[in-house]
Amino acid sequence: MKTHFARLNQSPSVRKSKTVYCLWLIVLSTLQIGATVPQNQISLSQPLTVRWRYESDRTSNFTPATDGTTVYLPLSEGMLVALNASDGQLRWKADVGGNFSASPVADDRSVFAAGQYGAPVNEQRHANGTLRALSKTTGVTVWMRTLQAPLSGSLLVGENALFAGGADGKVYAFDKRTGLTLWTNQYTEAFSSQPASAGRLLYIGSEQGSLFALDQATGNAAWHYQTRGPIQGPIAIVNGTVCFGSGDGYIYALRESNSKLIWRRRTGAAVQSVTSVENGLLAASLDNFVYLVSANRGSLIWRRLLPGRISARPITAPDGALFTPLSTDNAIVLGLRDGKPVNTLSIGEENSSSAAPIAVSDLVIVTTPHGLLAFARPPAKP
């Protein structure tokens, strides 16, 4: 009762001060909660440790696929392995026959795998190709297509179609539910790139340096742009601009509507990947440098030398970008603000795989010569 009467007898100014103080406490606690990293978000600059590993001496240079809960790892000799993303436990194995010729992809129902047979692994131009859809839950083949030549680079899955380029100069759109061909274009140049899509257009680069913009529904060409080197890496579409790298050593930015050159930026060697980040475009070059350039003009913000060849696209997060250089035993995280190293992840052996790292929920998954390593933040102490 004394406390009750004391509160009633407080002046309005005192009660107002206490109210303001309580409100400030609520605001501060809210800010502190907002400043923490959500449990399912990757923070590349914080300490990361191995959560699980999958051991195999049959890993390939093809990047694993994921649907957010499962990782689909392509092994040599045509073996596809499905692993639980959370703990690395084996779900199923499937023999797709021959050898893989492109990195697989997954959608809500199937995982799609391209293979080759009838010729040595490195002689795609003399091999036949296959494309199949496998059930994500069982690994059983749902449908399969045989092709005159293998598909190369990476597959791209859309709402209704699966897109890919071939070693024989064909670009395909397949019905992803049945495997039937929706359309095909024949060119005089081979494809081993990573297609991209935006709006109604499909973008795909060739070994002879052409970037094609095709209507996804019909395959009709909207435009094409010629460079002087092969286009193999990822393509970034940013605010109506198509950004990509070429084997001629340049980063290009083209107007999406008509292919007009907006700018190009010279690097020291062939550009392997271009990735959009919050403060610009991140380009990896075979001169062992990573470049951050502005998206609107291509001006250099920073560049950073890494200790090995950068053959794969990075994982990016708001606090950094993770690269897996060849001939080193570490994955390296560069801060996006100034390009300085902010973290390293030991993979325990010299890296010889050009498969790109992937992000799954709060995990960073890296392909090594002897399996997969899944990194995550250390478990919270009780």
Asks: List, by chain and number, the other hydrophobic cluster members for Val360, where Ile, Leu, Val, Met, Phe, Trp and Tyr join if side-chain heavy atoms come within less than 4.5 Å, directly or indirectly.
Replies: Trp52, Tyr54, Val71, Leu73, Leu75, Met79, Val81, Leu83, Leu90, Ile358, Leu363, Ile365, Leu372
Asks: Assess whether side chain to side chain contact (heavy atoms under 4.5 Å, CB included) is satisfied between Leu214 and Trp183, documenting all intermediate values.
Replies: CA-CA 11 Å; Leu214 308 175; Trp183 56 258; 4.0 Å; yes
Asks: For the aromatic rings, using the six-membered ring if either is Trp, is the centroid distance between Tyr225 and Phe212 under 6.0 Å?
Replies: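 Not close enough - the centres of the two rings lie 6.0 Å or further apart.
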Asks: Is atom CD of Gln148 surrounded by more than 12 heavy atoms (other residues, nucleotides or ligands) closer than 6.0 Å?
Replies: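 No - once you tally the heavy atoms of other residues, nucleotides and ligands closer than 6.0 Å, there are 12 at most.
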Asks: Any chance CG of Asn258 has more than 12 other-residue heavy atoms, nucleotides or ligands included, within less than 6.0 Å?
Replies: yes
Asks: Are the side chains of Gln186 and Lys170 in contact, using a 4.5 Å heavy-atom criterion?
Replies: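 Yes, close enough: below the 4.5 Å cut-off.
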Asks: Just so I know, are the side chains of Tyr187 and Val171 near enough to count as touching, which here means a heavy-atom distance under 4.5 Å?
Replies: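 The answer is yes; the side chains approach within 4.5 Å.
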Asks: Find the distance between CD (Gln46) and CG (Asp319) and round it off to the nearest 0.5 Å.
Replies: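 Gln46 atom CD to Asp319 atom CG measures 7.0 Å (nearest 0.5 Å).
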Asks: Between Ser110 and Ala133, is there a donor-acceptor pair closer than 3.5 Å when you use the side chain of the first and the backbone of the second?
Replies: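 Side chain of Ser110 to backbone of Ala133, a donor-acceptor pair under 3.5 Å: no, none is there.
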Asks: Quick one: are Ser103 and Leu155 in side-chain contact, heavy atoms under 4.5 Å?
Replies: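 When only atoms from C-beta onward are counted, Leu155 and Ser103 do not touch, as no gap falls below 4.5 Å.
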Asks: Please round to the nearest 0.5 Å and tell me the distance separating atom OG of Ser346 and atom CG of Leu48.
Replies: 12.5 Å
Asks: Identify the two heavy atoms, one from Ser285 and one from Thr267, that lie closest to each other, and give their separation to 0.1 Å.
Replies: OG-OG1, 3.4 Å
Asks: Would Ser197 and Gln216 satisfy side chain to side chain contact (heavy atoms under 4.5 Å, CB included), going step by step from the backbone distance to the final call?
Replies: CA-CA 8 Å; Ser197 63; Gln216 292 187 44; 3.4 Å; yes
Asks: Does one hydrophobic cluster hold both Leu201 and Phe244, with members joined at side-chain heavy-atom distances below 4.5 Å?
Replies: yes
Asks: Arg145 side chain to Gly179 main-chain N or O, any donor-acceptor pair under 3.5 Å?
Replies: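 Confirmed, Arg145 side chain pairs with Gly179 backbone.
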Asks: Could you tell me the separation between the CG atom of Asn279 and the OG atom of Ser294, rounded to the nearest 0.5 Å?
Replies: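 Taking CG in Asn279 and OG in Ser294, the distance rounds to 10.0 Å.
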Asks: Do other residues, nucleotides or ligands put more than 12 heavy atoms under 6.0 Å from the CD atom of Glu189?
Replies: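 Atom CD in Glu189 is packed in, count exceeds 12.
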Asks: Apply side chain to side chain contact (heavy atoms under 4.5 Å, CB included) to Thr138 and list each qualifying residue two or more places apart in sequence or on a separate chain.
Replies: Ser135, Val140
Asks: Mind checking whether Leu282 and Leu306 sit in one hydrophobic cluster, side chains of I, L, V, M, F, W, Y counted as touching below 4.5 Å?
Replies: yes
Asks: Any donor and acceptor pair, going by atom type alone, linking the side chain of Asp329 with main-chain N or O of Glu350 inside 3.5 Å?
Replies: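 Flag not set: sc Asp329 to bb Glu350 has no pair under 3.5 Å.
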Asks: Considering all heavy atoms of both residues, which atom of Ala167 and which atom of Ala190 are nearest to each other, and what is their separation?
Replies: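 Taking Ala167 first and Ala190 second, the nearest heavy atoms are O-CB, 3.4 Å.
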Asks: Tell me whether Thr344 contacts the main-chain N or O of Val333 through its side chain, where contact means a donor paired with an acceptor under 3.5 Å.
Replies: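 Answer holds: no.
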Asks: Side chains of Gln226 and Ser210: is there a donor and an acceptor less than 3.5 Å apart?
Replies: yes
Asks: Stepwise, does the side chain to side chain contact (heavy atoms under 4.5 Å, CB included) test hold for Trp143 with Phe112?
Replies: CA-CA 10 Å; Trp143 55 255; Phe112 303 95; 3.9 Å; yes
Asks: In Å, rounded to the nearest 0.5 Å, how long is the span from CZ of Arg132 to OG1 of Thr141?
Replies: 4.0 Å
Asks: State, to 0.1 Å, how close Pro195 and Ile204 come at their nearest heavy-atom pair, and which atoms those are.
Replies: CG-CD1, 4.1 Å
Asks: Answer yes if the side chains of Asn84 and Ser86 hold a donor-acceptor pair under 3.5 Å, and no otherwise.
Replies: no
Asks: Other residues, nucleotides and ligands only: do more than 12 of their heavy atoms fall within 6.0 Å of CZ on Arg266?
Replies: yes
Asks: Taking atom CZ of Arg58 as the centre, does the number of heavy atoms from other residues, nucleotides or ligands within less than 6.0 Å exceed 12?
Replies: yes
Asks: If I compare all heavy atoms of Thr63 with all of Pro104, which pair ends up nearest, and what's the gap?
Replies: O-CD, 3.5 Å
Asks: Ignoring hydrogens and geometry, is there a side-chain-to-backbone donor-acceptor pair from Trp263 to Ser299 under 3.5 Å?
Replies: no
Asks: Is there a path from Tyr252 to Trp223 through hydrophobic residues (I, L, V, M, F, W, Y) whose side chains come within less than 4.5 Å of each other?
Replies: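 Tyr252 clusters together with Trp223.
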Asks: Any side-chain heavy-atom pair from Asn343 and Leu44 closer than 4.5 angstrom?
Replies: no
Asks: Looking at Lys176 and Glu159, would you say the former's side chain and the latter's main chain have a donor-acceptor pair under 3.5 Å?
Replies: yes
Asks: I want to check something: taking the side chain as every heavy atom from C-beta on, are Arg377 and Thr49 in contact at a cut-off of under 4.5 Å?
Replies: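 A side-chain contact is absent here, since even the closest heavy-atom pair is not under 4.5 Å.
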Asks: Counting neighbours of CZ on Arg53 that are heavy atoms of other residues, nucleotides or ligands and sit closer than 6.0 Å, is the number greater than 12?
Replies: no
Asks: Does a side chain donor of either Gln272 or Arg313 reach within less than 3.5 Å of an acceptor in the other side chain?
Replies: no
Asks: Side chains of His370 and Glu349: any donor to acceptor distance under 3.5 Å?
Replies: yes
Asks: Please report the closest heavy-atom contact between Asn288 and Gly308, naming both atoms and the distance.
Replies: CG-O, 3.5 Å
Asks: Is there a side-chain contact between Thr227 and Tyr250 (heavy atoms, below 4.5 Å)?
Replies: no
Asks: First locate atom CG of Asn351, then atom CD1 of Ile347, and finally report the distance between them rounded to the nearest 0.5 Å.
Replies: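 The distance works out to 4.5 Å.
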Asks: State which residues pass side-chain hydrogen bond (donor to acceptor under 3.5 Å, both in side chains) with Glu256; sequence neighbours excluded, sorted by chain then number.
Replies: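 side-chain hydrogen bond (donor to acceptor under 3.5 Å, both in side chains) check on Glu256 returns Tyr203.
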Asks: Check whether any side-chain heavy atom of Leu345 sits under 4.5 Å from a side-chain heavy atom of Asn330, and report yes or no.
Replies: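 They are not in contact (no side-chain heavy atoms under 4.5 Å apart), so the answer is no.
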Asks: Return the set of residues passing ring-ring contact (aromatic ring centres under 6.0 Å, His included) with Tyr291 (not counting sequence neighbours), or none when no residue passes.
Replies: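 ring-ring contact (aromatic ring centres under 6.0 Å, His included) check on Tyr291 returns nothing, list empty.
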Asks: If you measure from CZ on Arg304 to NZ on Lys340, what distance do you get to the nearest 0.5 Å?
Replies: 7.0 Å
Asks: Less than 4.5 Å apart, any side-chain heavy atom of Leu156 and any of Leu162?
Replies: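 They are not in side-chain contact.
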Asks: Determine whether Leu322 and Phe375 fall in the same hydrophobic cluster, where Ile, Leu, Val, Met, Phe, Trp and Tyr are linked whenever their side-chain heavy atoms lie under 4.5 Å apart.
Replies: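 Yes, same cluster.
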Asks: Kindly determine whether Asp108 and Arg177 satisfy salt bridge (Lys or Arg N to Asp or Glu O under 4.0 Å), including the steps that lead there.
Replies: CA-CA 11 Å; Asp108 57 336; Arg177 301 303 186 201; 3.8 Å; yes
Asks: Hydrophobic clusters here meaning ILVMFWY residues chained together by side-chain heavy-atom distances under 4.5 Å, can you tell me if Phe289 and Leu281 are in one?
Replies: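 Hydrophobic grouping puts Phe289 with Leu281.
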Asks: Shortest non-hydrogen contact from Leu182 to Ala161?
Replies: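 So the minimum-distance heavy-atom pair works out to CD1-CB, 3.8 Å.
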Asks: Would you say the side-chain atoms of Asp67 pair up with the backbone N or O of Ala106, donor to acceptor, closer than 3.5 Å?
Replies: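 Not confirmed, Asp67 side chain does not pair with Ala106 backbone.
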Asks: Arg91: what forms a side-chain hydrogen bond (donor to acceptor under 3.5 Å, both in side chains) with it, not counting sequence neighbours?
Replies: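 Thr70.
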Asks: List, by chain and number, the other hydrophobic cluster members for Leu326, where Ile, Leu, Val, Met, Phe, Trp and Tyr join if side-chain heavy atoms come within less than 4.5 Å, directly or indirectly.
Replies: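 Members besides Leu326: none; it forms no cluster.
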Asks: Arg309 vs Leu286, test: side chain to side chain contact (heavy atoms under 4.5 Å, CB included). Steps then yes/no.
Replies: CA-CA 6 Å; Arg309 285 288 179 94; Leu286 289 185; 4.0 Å; yes
Asks: Can you tell me if Lys93 uses its side chain to pair, donor with acceptor, with the backbone of Ala82 under 3.5 Å?
Replies: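 No, the answer is negative, given that no donor and acceptor are paired below the 3.5 Å cut-off.
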Asks: Quiz question: by atom type and distance under 3.5 Å, do the side chains of Thr218 and Asn220 form a donor-acceptor pair?
Replies: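 Looking only at side-chain atoms, Asn220 and Thr218 do form a donor-acceptor pair, the distance falling under 3.5 Å.
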